[in-house]
Structure formats: C-alpha cells, structure tokens
Amino acid sequence: MDEIKSVAIVGGTHGNEFSGIYLLRQWEQQPQRIQRQSFSTSTLFANPPSYEANKRYLDSDLNRQFSLADLDNIELANYEQSRAKAINAFLGPKGNAKTDLIIDLHNTTSNMGPSLILLQSDDFNKKMGAYVMQNMPEAVIVYEDQCPVEEQLFLCSITQQGVIVEIGPQPQSVLRQDVLDQMEKMTLLILDFIDAYNSNTLPALNNYSAYRYKETLSLPTNEQGERIGMVHQHVQDNDFVALKSGDPIFKLFSGEEIYWHGEYEAYPHFINEAAYYDNNLAMSMAEKFTVVL
Ligand SMILES: [Zn+2]
C-alpha cells in the first residue's frame with residue numbers, strides 16, 4: 001500500500017455520541033496533539049444539526065448513507081442523505097478520494113470497551129490492530145471485512161482505508177471521562193501507527209486475538225412485529241464473552257427463555273445497543289480468531 005498522506009478524523013456522525021464531538025473541540029484548540037510528521041490531519045464534525053437536536057440523526061442514519069448507488073442518487077435528499085453527498089465531495093469522492101484514511105469516532109451504549117473496527121484484513125489493517133493492541137492491551141479488534149470496502153455503507157468507506165473507533169459503555173448524550181480518555185488514546189495510537197508505517201519505523205509486532213463479524217440477531221417479535229422479549233441478563237454487559245450452544249440469550253415477557261444454538265462459539269457484542277432498537281436489533285455475533293502477521 002502507498003504512503004498515507006492525508007487523514008481525516010470525523011466526530012459527531014451520530015449527534016448523541018459525545019466523546020468524538022468533544023475531542024474534536026479539544027484538538028481544534030491544540031492541533032499539535034493530532035499532527036504527525038509524515039501526513040496531514042484534518043477534522044470534521046459530520047452531523048452538527050443532529051447534535052443540536054440531541055439525536056442520533058434527523059432523518060436517517062448518516063453512517064448508512066455511503067453506498068456508491070445512494071451517493072449517486074440525487075432523489076435521496078433528506079438531511080443525512082444530502083449531508084452524505086457533501087461529505088463525500090469534501091473528503092472523497094468514494095472510489096477516488098482525495099483523503100487517504102478516515103478515522104470515524106463513535107460511542108456505543110454496549111459494554112464493548114475500547115473497540116477498533118477494521119473494514120479489511122490487508123497487511124496495513126492487520127498491523128494497525130497489532131500496534132494498537134501492543135500499546136493498549138485493553139483494546140478489542142473487530143474485523144467487519146465481510147464485503148469489499150466499496151460495498152460498505154459507512155462514512156469511513158469513502159476512503160481506501162477507513163476505521164471506526166467505537167467506545168462504550170456510554171449512554172447517549174452523556175460524556176464519561178474513562179470513555180473519552182480511551183477514545184483519545186486509541187485515536188492517537190492510530191496516528192502514531194500511520195506515522196511509523198509511513199516512515200518504516202514500526203516496532204516488531206506480534207500475532208494477536210481478534211474478532212470477525214458473523215451475523216446480527218434481532219429481538220424476538222410476534223407475527224404483528226411487536227417485541228415479545230428482551231436481551232437475557234445472562235448476556236447483558238457480557239460483550240466479547242463466549243456464548244456456547246444452549247446459553248440463554250433472550251427472556252420473553254411470557255417468562256420463557258430463548259437459547260443460543262449456533263454452530264460456532266459466538267462472541268456477542270453491541271449487546272442491547274440503544275441505537276439499534278429502531279431496527280429491533282439485539283446484538284451482533286463474532287467469531288474469535290488469531291491474526292497472523
Ligand atoms: Zn455511532
């Protein structure tokens with residue numbers, strides 16, 4: 001891969017995820033914290049009106065508007081659909097972007113700790129994961145590389161390289177110091193990694209354990225689509241703790257328990273994420289594997 005010459009740090013893609021928004025303000029006051037020798041760093045507040053409204057979004061989820069087809073479709077013109085086109089023009093365009101790498105900052109209400117979501121498992125991303133793990137052992141590396149980057153809907157898929165920093169647990173529209181500190185630490189480590197990668201000064205990196213996205217589970221519903229149960233307390237807050245076949249995952253309001261019967265050892269995450277109730281999603285499932293460098 002070529003050298004990374006320009007990095008954009010994006011915050012406030014979701015208006016009620018406060019850590020990134022407040023970090024952007026701090027970095028605007030002290031830009032030297034995010035500047036590195038071998039590339040330029042810019043910042044972008046992606047969705048200010050949704051922050052003003054204290055909501056995740058005004059009309060639709062901004063972080064799902066970046067398919068090539070939707071970016072090209074001028075009939076998609078609600079606030080976030082229009083904003084996505086403006087951001088794509090500013091940082092992209094997707095497929096031929098003037099920016100080399102986007103770091104998109106998010107919070108989750110789930111107990112995921114400091115998670116780094118990587119969209120591809122090329123040498124660059126594998127090494128980035130290793131570098132972050134070695135300097136931040138509490139970090140969790142999640143690969144969402146189930147499709148090519150250009151098919152992803154995320155904002156950070158505008159650029160050839162893009163990552164999501166996803167830190168929780170933090171309630172919506174709240175600032176937690178531990179979460180903010182972890183977000184800054186992980187973001188600065190990514191910048192340090194890029195700088196070392198560019199200048200061929202990476203330290204020796206070790207193989208590490210990571211997670212690979214498999215599937216998303218929905219909350220139980222009846223034929224009318226009404227919710228009839230909730231996430232079981234056995235999994236609540238146990239993000240990245242292995243589930244075995246037969247473990248309870250949902251408790252129905254009738255009292256009945258629903259069990260996990262997967263064909264693999266599943267590592268649930270985004271468990272009971274508040275923002276996913278819109279779509280009735282309960283949790284994502286991953287498999288654990290070793291990243292070999
Ligand atoms: Zn988010």
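Only this structure's heavy atoms are used, side chains among them; waters, hydrogens and symmetry mates stay out. Counting starts at 1 for both ligands and their atoms, in listed order.
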Exercise. CG of Leu44 to CG of Leu91: how many Å apart, nearest 0.5 Å?
Worked result: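 Reported to 0.5 Å precision, the distance equals 5.5 Å.
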Exercise. So, Glu166 and the Zn ion (ligand 1): N/O/S under 2.8 Å, yes or no?
Worked result: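 No - counting backbone and side chain alike, Glu166 has no N, O or S atom under 2.8 Å.
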Problem set entry | Atom nearest to the Zn ion (ligand 1) - His14, N, O or S atoms considered |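 This residue's closest N, O or S atom turns out to be ND1.
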For this session: Among the N/O/S atoms of His106, select the one at the shortest distance from the Zn ion (ligand 1) and name it.
Result: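 Closest to the Zn ion (ligand 1) among those atoms: ND1.
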For this session: Run through Phe240, Phe270, Tyr143, Tyr264 and flag the one making a ring-ring contact (aromatic ring centres under 6.0 Å, His included) with Tyr211.
Result: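 Among Phe240, Phe270, Tyr143, Tyr264, the one that satisfies the ring-ring contact (aromatic ring centres under 6.0 Å, His included) with Tyr211 is Phe240.
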Exercise. Would you call Glu287-Arg212 a salt bridge at under 4.0 Å N-O?
Worked result: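 The answer is no: the pair does not qualify as a salt bridge.
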For this session: Identify whether the distance between the nearest side-chain nitrogen and carboxylate oxygen of Lys127 and Asp123 falls below 4.0 Å.
Result: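 A salt bridge links Lys127 with Asp123.
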